[in-house]
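Structure record follows, encoded as structure tokens.
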Amino acid sequence: MLRYLLRQLGTMIPTFFLVMVISFMLIHLAPGDPVNRYSGQISLSPEARQALLVKYGLDQPLPVQFVTYLETLFQGDLGKSMLSGRPVIEMIGERLPATLLLTLSSSTLAFIGGNVVAVLTARRRWLDFGASLIGYVLFSMPTFWLGIILIIIFATQLDWFPTSGFTNARESYTGLAYALDVLHHLALPCLTLVLVELPGYYRVARASIGETRQEDFITTLRASGLSQGTIFRRYALKNALLPSLTLFGLSLGYALSGAALVEIVFAWPGVGRLTLDSVLKRDYPVLMGIYLVIAISVMAAILITDIVYAFIDPRIRYQS
Amino acid sequence: MDDQKKVGVFESLVRSERNGISRREFLRRGLALGLSLPAASGVIATVLGAPVRVFAQDAAATKGGQGTLVVEQSGDPVSFNPNYTIDDFGYPIAFNTHSMLVTLSQDVEVIPDIAESWETSEDGLTITFHLVQNAKWHDGTPVTSADVKWTYEKIVSTEGAPGRDNLIMLESVDTPDDYTAVFNLSSPSSQFLGFLAWYATFLLPKHLYEGTDWSTNPVNQTPIGSGPFKFVEYVAGDHITLEANPDYFGEGPYMDRIVYRIIPDAATLEQAILNDEVDVDISGLFPTDSLANVEADGRFTTVEKVYASNFYIVFNHGRDITGNIEVRRAIGEAIDRAQIVERGLSGAGTPVNTYYTPVISWANNSDATAPDYDPENSKALLDEAGYPVQADGYRFKLSFPYLAFGDAWRSIAQVIQAQLREVGIDSELVELEPSAWNARVATDDNYDITYLAGFLGPGPGALKNRYGTGGGINFWHYSNVEVDKLLDEAASEPNAEEATAKYKQVQALLAEDIASIPFSGAATTFVYRKEISGLPVPGDAAGDILGFGNFALVQRASS
């Protein structure tokens, strides 16, 4: 197990560097001169342009800029925003609570919901047909559009939930009232994401249950005289849930990157919107910081998923 | 499937940005924030006279007490130092946290803010400002002429400060006493006061900034100003909260708190307004197509805001075809302005054919106009110019990159393309995100035509950046020595009337050269709850005595 872990970690270090190099190149490949953005001028005189390039450290060749970036990175510094001059770590940090609250709650609910639906409908033909149909419809629905529809139904018409935002702007709640207020605001964006993500889990779980039920060991169990229900609950289910667990683990890796579309529709103060703003403003250090955080969290999620997998599934443990 | 939707979302974000256009150039939503501001006739009025703002005598008796006002804010501010960088989302907030020496009324006139009066010397080289004597910084320190001196000398001495180029003729500020500031100019300027009242020229506290880097000073995150409201908190991506400043030097404020809710999407904003979560939208984000919904509702006031901004077609004067004046004339005659306003702008605008904005009417030369719509003559001109219709049905094909600022911008480009095809000119539309557009038109010079919009105030000096040789927006190689000469003379002309006459001559030359094709003015609609008054918006007197975005006089009628 330890060797297995070390090997995984070993491949991660080069992967991490590769991701950083590619992100850095991609960001700088985006068309447009960032100093035009920073200065707000369409055309700059060569002298003014040069002065700005020097000011932002963009006059150096790209590899030099990259090395400089790595140097500050290894001192634990993600740098400062080119526009606001604020530390990048702070700008990302202040967005993380809202992001994690939204993505973790929705992923978890979608994971549980998708599996529950798959299990409940697995052995009932008509239910299975209905769930598949609804799943297709939800799966192909644009997040943005679904969000607005939910706002119109649940906020405007029924008045059950607030339209958007993280808290009630007219009040300054603290303690429990604050927590409840946040949950109240979380409901609709979370529901939107659950509805969009749930069909994915459902379909994976459904396919996997179907497959497992065809396997030889199930036939053997059936031949031994166990009831269908017992076989399903005790043996088929455990095996069938493994693939959707993988999916869930990977989705946690992207939890930090937020959900830009839903964040925009619900004015949710998450990392997704910060990313989009930074792309449009060509705020390189903020973007690099976000990519770094995402890269690390995705790799961590893969590692943790592998470990959990090994715990649940003895086959993997023995192989390694 | 999702991609189409995504485009919609990005649009609403992009639309809300000023994006890479010149600092003097407010595009659409940029428009929305800025266009209204600036000023014009005031330049003349104030050079000659010295208006004084009169406040209610019992001002001190009424501070706060009227609850919370929730205001739409469509993006995150960069910082709360309004002077060191371009920041259109910080700008409206700065009107409440900070003061200016002079500011711009909704009619783009220069009006008093912390300077209650001022005089300009005969030779135009010194301007003496008299400050109000009861102004305090939010930390209790009095505002004095030392702050004025530090702020404006800092602006003109800092390379890259957005206010610098406009005020560059400022040599020094003398402070004969605590409440008098004398501005010494190197040359007279007919545009100085207007620019002083416009953008990135807010008064900053010397005692907190002196000796520090003003781009990283922590005060930028927790600003101390002298405006009607004090900064309380900023929750990134969610809201900015301000509270009443009981020591404000002017009348008001009446509201206890202002909360700017950051809502980037127009459809969400509409629902938030209907659900009583937002009281005021003067950002211009509210979707034109949905106005009927809020008007029918009965709880809201809607008021049209016409910006001092023109949409105009820009030619690459450095290319053979578009460098030919007869081709430009033919293109001008192919443009049906009424149709662009109706189909491209959904009616939010008016046809405009002058090179300056009719909104600042005293500076607009209404005789100097771009060609009128005449498609038949347009075809004849093109035939004569040696561009007959080819086998494919077109005379030639133009490359036409345009800015990805949302549905309206796309529709306008499509309408122009269709109108040009009517006279046998084909064009290739390319929608580009601002930085990419900037790279293609300005850096790579790879286009034939495109189009722009933007604030043309605070005075006609704004023409220089667009039509002067080497101007910050003049990426299209327009150059006329006579225009350059007149622009320089007008800018340094101490006599306001003569300056205006010269600017009108400039417009005549632009019309003669068909330097561009202005086709429409820009407008938007503000939406707010009926019981709210005192907003600096059209139809409310507050806008005549307060700067754009200043909520000192906002009140909520008890209902």
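Order of the sequence lines sets the chain letters (A, B, ...), proteins ahead of strands, with each chain counted from 1.
- From B/N275, atom CG reaches atom OG1 of A/T163 across 3.5 Å, with rounding to the nearest 0.5 Å.
- At a 4.5 Å heavy-atom cutoff, B/D213 makes no contact with chain A through either its backbone or its side chain.
- Between the CD1 atom of A/I148 and the CD atom of B/E270 there is a distance of 8.5 Å, given to the nearest 0.5 Å.
- No other option in B/A442, B/A236, B/A272 has as many heavy-atom pairs under 4.5 Å with chain A as B/A236.
- Residue A/P34 does not touch chain B at all, counting heavy-atom pairs closer than 4.5 Å.
- For B/T85, the part sitting under 4.5 Å from any heavy atom of chain A is the side chain, from C-beta outward, and nothing else.
- Using a 4.5 Å cut-off between heavy atoms, B/V278 contacts chain A through its backbone alone, with no side-chain atom that close.
- Between chain A and the options B/T216, B/I262, B/T241, heavy-atom pairs under 4.5 Å are most frequent for B/I262.
- A donor-acceptor pair is defined here as one N or O able to donate and one able to accept, closer than 3.5 Å; such a pair exists between the side chain of A/R273 and the backbone of B/G237.
- Heavy atoms only, all atoms of each residue included: A/P31 and B/S435 are closest at O-CB, 3.7 Å.
- When all heavy atoms are compared, the tightest approach of A/I264 to B/T268 is O-OG1, 4.5 Å.
- Within a 6.0 Å sphere centred on OH of A/Y56, heavy atoms belonging to other residues, nucleotides or ligands number more than 12.
- When heavy atoms are compared at a cutoff of 4.5 Å, B/Y234 approaches chain A solely by way of its side chain, counted from C-beta outward.
- Neither the backbone nor the side chain of B/N81 comes within less than 4.5 Å of any heavy atom in chain A.
- Heavy atoms closer than 4.5 Å to chain B are found in both the backbone and the side chain of A/T167.
- With a 4.5 angstrom heavy-atom cutoff, B/R440 does not touch chain A via any of its atoms.
- Among residues 83-95 of chain A, the residues having any heavy atom closer than 4.5 Å to a heavy atom of chain B are, in sequence order, A/L83, A/S84, A/G85, A/R86, A/E94, A/R95.
- With contacts defined as side-chain heavy-atom distances shorter than 4.5 Å, the pair A/E263/B/P264 does not qualify.
- Taken to the nearest 0.5 Å, the CG atom of B/D265 stands 10.0 Å off from the CZ atom of A/F266.
- Contacts from residues 170-199 of chain A to chain B, taken as heavy-atom pairs separated by less than 4.5 Å, involve A/R170, A/E171, A/S172 in sequence order.
- Proximity to chain A is absent for every atom of B/Y260, based on heavy atoms less than 4.5 angstrom apart.
- Scanning both residues, A/P162 and B/E277, for their nearest heavy atoms gives CA-OE2, 3.5 Å.
- Checked by atom type and distance alone, the side chain of B/D238 never pairs as donor or acceptor with a backbone atom of A/P269 at under 3.5 Å.
- The main-chain N or O of A/A155 is never found under 3.5 Å from a side-chain atom of B/Q271 such that the two would form a donor-acceptor pair.
- The heavy-atom pair separating A/A267 from B/R261 by the smallest distance is CB-NH2, 4.2 Å.
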